[in-house]
Amino acid sequence: AGANTAAQAFALLPRAVALRLAADLAARAGRAAQNHSGRALDVRHVLFDQDGGVLYADDIPPALFSPCSPLHPETGSR
């Protein structure tokens, strides 16, 4: 209740709780996007923490967002 931002609130949670919350938020966002699109789109979500780590990847391999991502091997981007 004393957190000023979502990032601050997440930082106060145990990691397992933060991951469950991230999964719940992604599921809710997915349902909203599906409803908005009339279910015409296959929607995926990725939630990152403030350091660029993956909190949740909806049916997307987390390795795609690692520093050695095959999508951007030279840059080390996430």
> For Leu47, enumerate each residue passing the side chain to side chain contact (heavy atoms under 4.5 Å, CB included) test, keeping only those at least two apart in sequence or located in another chain.
Ala22, Leu25, Ala26, His45, Leu55, Tyr56

> Shortest non-hydrogen contact from Ala3 to Ala9?
CB-N, 3.6 Å

> Not counting sequence neighbours, list each pair that qualifies as a side chain to side chain donor-acceptor pair (under 3.5 Å) and has a residue in residues 2-18.
none

> Consider only side-chain heavy atoms of I, L, V, M, F, W and Y, link residues closer than 4.5 Å, and tell whether Leu19 and Val17 are in one cluster.
yes

> By the side chain to side chain donor-acceptor pair (under 3.5 Å) test, which pairs, at least two apart or in different chains, include something from residues 18-34?
Asp24-Arg28

